[in-house]
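Take a look at the structure below.
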Amino acid sequence: MAVEKTTAVPTRRLPPTRQATESAAADAAALRTAREQRDAEVRGVASIAAMRDAIKAAARALPVLADVPCTGALDAAAFRARAAQGLPFLMRGAAARWPLAALTVQSLREHYSDLPVRARVGDYVGTAFAPDRAMQDMSLLAYLDLVAAGTQGLPPYLGNLELRALNRLCHWPNFFDKMGPPRFWLGPAGTVTPLHCDYDDNIFAQLWGSKRICLAPPHHDEFLYPSEANAILFGSPFDPEAPDYERFPLARQAAVIDCTVGPGDMLYVPAGWYHQVRSLTFSLSSNRWARAVPLALGNR
């Protein structure tokens, strides 16, 4: 007796109704509003939007920099006085004596091989501010092996990770009244964080290797074609290291400066300043964002 074969009929998914679409949009807007209110409360400001506007207004009075000023290590009082000017500056050697600065890649292999990490892979520059960019979970040892093997295109990057096992090896000064947790950045030459701005003060410590950092002031966002990732993070498609002025003609007016941070250096990036970061060698960096009113705004 022949068995009749049946063919499954694919189920057609109906498009969402207008009511469902509107409901989803309303839910997303409510979540965004709640997050912005929470962020404002943490930072002690009336609203994040008002804080952004105040930062850009204050920046319009700043002098135009030809390069990033350099100092030696500063104590907290001297740091705050200088940061209140609203300009970036580089503190040479300020993190040179941190225990983490004395470690090596081999030290990581021997003592932290099982540390779970999440690597940025694929075109993480082109998708830097997308919610679904490619990430890959692995151990720190697997990541180091992957880097050692080499890859075509962008090298995989450990970026913006909380690696609490390394916190005790860092000696952060009390530059800000409220600071977020340390974040770590590890990867070979060629890793890139594309141009963006955070509306929080940022202290960045370069521990191994060197990086090139390009900076532009907050009010020059009008020349940088920004898009909002969230209320305190804006990304720009403009690449100051390979400027395409045909696509981005307004970017000719952006006052971009750059500096090289080397082992032991600390860079202050004021809230709202755009920055792009490229590893020139195998690098380990750490940073912390303030969670308070930006120092350039004082008591406004």
Side-chain angles (χ1 to χ4, degrees), residues 25-26 28-65 68-69 79-89 128-131 160 175-180 183 193-204 213-240 248-257 267-277 287-300:
L31 287 172
R32 173 177 169 175
T33 298
R35 175 176 177 175
E36 289 189 27
Q37 290 176 343
R38 184 170 60 251
D39 286 343
E41 290 172 3
V42 167
R43 289 159 181 80
V45 297
S47 76
I48 297 298
M51 184 181 76
R52 293 198 308 259
D53 290 344
I55 288 169
K56 286 187 277 190
R60 295 183 187 280
L62 295 175
V64 176
L65 294 180
V68 177
F79 171 87
R80 293 185 189 198
R82 180 145 195 162
Q85 299 173 20
L87 297 168
F89 56 90
F129 307 106
N160 198 12
F175 286 155
F176 308 126
D177 289 334
K178 292 196 297 184
M179 299 177 74
R183 315 294 293 195
T193 301
L195 193 64
H196 68 287
C197 79
D198 312 284
Y199 279 95
D200 283 319
D201 285 336
N202 181 4
I203 190 72
F204 177 92
I213 302 182
C214 301
L215 300 125
H219 61 301
H220 283 199
D221 64 341
E222 59 189 324
F223 309 132
L224 295 173
Y225 306 84
S227 58
E228 181 176 342
N230 59 57
I232 56 174
L233 173 62
F234 286 71
S236 168
F238 177 67
D239 182 354
F248 308 110
L250 295 178
R252 292 182 184 275
Q253 302 176 65
V256 179
I257 56 175
L267 176 68
Y268 171 60
V269 182
W273 276 73
Y274 280 80
H275 50 290
Q276 176 163 300
V277 184
N287 82 294
R288 296 183 77 172
W289 285 286
R291 295 293 185 261
V293 178
L295 294 172
L297 296 184
N299 295 320
R300 297 187 191 194

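Because only heavy atoms are used, hydrogens play no part in the values below, and waters and symmetry mates are left out as well, while side chains stay in. The structure displayed is predicted, hence computed values, not measured ones.
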| request: Flag this pair as yes if the NZ/CZ of Arg82 is under 6.0 angstrom from the six-membered ring centre of Phe89 and inside a 45 degree cone about the axis; otherwise no. | output: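 Checked: cation-pi criterion met.
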| query | Counting N and O atoms only, with roles assigned by atom type, does the side chain of His196 sit under 3.5 Å from a partner on the main chain of His275, one being a donor and the other an acceptor? | reply |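 Here the side-chain-to-backbone pair exists.
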| query | Under the 3.5 angstrom rule, does the side chain of Arg288 hit a backbone N or O of Gly180 as a donor-acceptor pair? | reply | yes
Could you tell me which non-hydrogen atom of [X] sits nearest to which non-hydrogen atom of [Y], and how far apart they are?
X      : Y     : answer
Leu62  : Gln85 : CD2-O, 3.0 Å
Arg43  : Met51 : CD-CE, 4.3 Å
Val293 : Gly44 : CG2-O, 3.9 Å

| query | Does a salt bridge link Arg80 with Asp201, judged by any charged N lying under 4.0 Å from a carboxylate O? | reply |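 No, this pair does not count.
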| message | Salt bridge or not between Glu36 and Arg52? Use side-chain N to carboxylate O under 4.0 Å. | response | no
[atom1]-[atom2] distance between [X] and [Y], expressed to the nearest 0.5 angstrom:
X      : Y      : atom1 : atom2 : value
Asn160 : Asn287 : CG    : CG    : 7.0 Å
His219 : Ile55  : NE2   : CD1   : 13.0 Å
Asn202 : Cys197 : CG    : SG    : 11.5 Å
Arg35  : Thr33  : CZ    : OG1   : 12.0 Å
Glu222 : Lys56  : CD    : NZ    : 8.5 Å
Ile48  : Asp53  : CD1   : CG    : 11.5 Å

Within a strict 4.5 Å, meaning less than it, do heavy atoms of the [X] and [Y] side chains meet?
X      : Y      : value
Val68  : Leu267 : yes
Val256 : His220 : no
Asp200 : Phe176 : no
Lys178 : Val42  : yes
Pro88  : Leu65  : yes
Pro218 : Trp273 : yes
Pro194 : Ser236 : no
Leu87  : Pro63  : yes

In residues 224-231, what donor-acceptor pairs under 3.5 Å come from side-chain atoms, sequence neighbours left out?
residue, atom, partner, partner atom, Å
Tyr225, OH, Leu250, N, 3.0
Glu228, OE1, Arg32, NH2, 3.1
Glu228, OE2, Arg32, NH2, 2.8
Asn230, OD1, Ile232, N, 3.0
Asn230, OD1, Leu233, N, 3.1

| query | Can Tyr274 and Asp221 be counted as having a side-chain donor-acceptor contact under 3.5 angstrom? | reply |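 Not at all, the side chains of Tyr274 and Asp221 share no donor-acceptor pair under 3.5 Å.
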| query | Mind checking whether Phe234 and Tyr199 have parallel, tilted or perpendicular rings, split at 30° and 60°? | reply |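 Aromatic pair Phe234/Tyr199 classed perpendicular.
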| request: Check the pair Trp289, Arg183 against side chain to side chain contact (heavy atoms under 4.5 Å, CB included), reporting the backbone distance first and the verdict last. | output: CA-CA 9 Å; Trp289 285 286; Arg183 315 294 293 195; 3.6 Å; yes
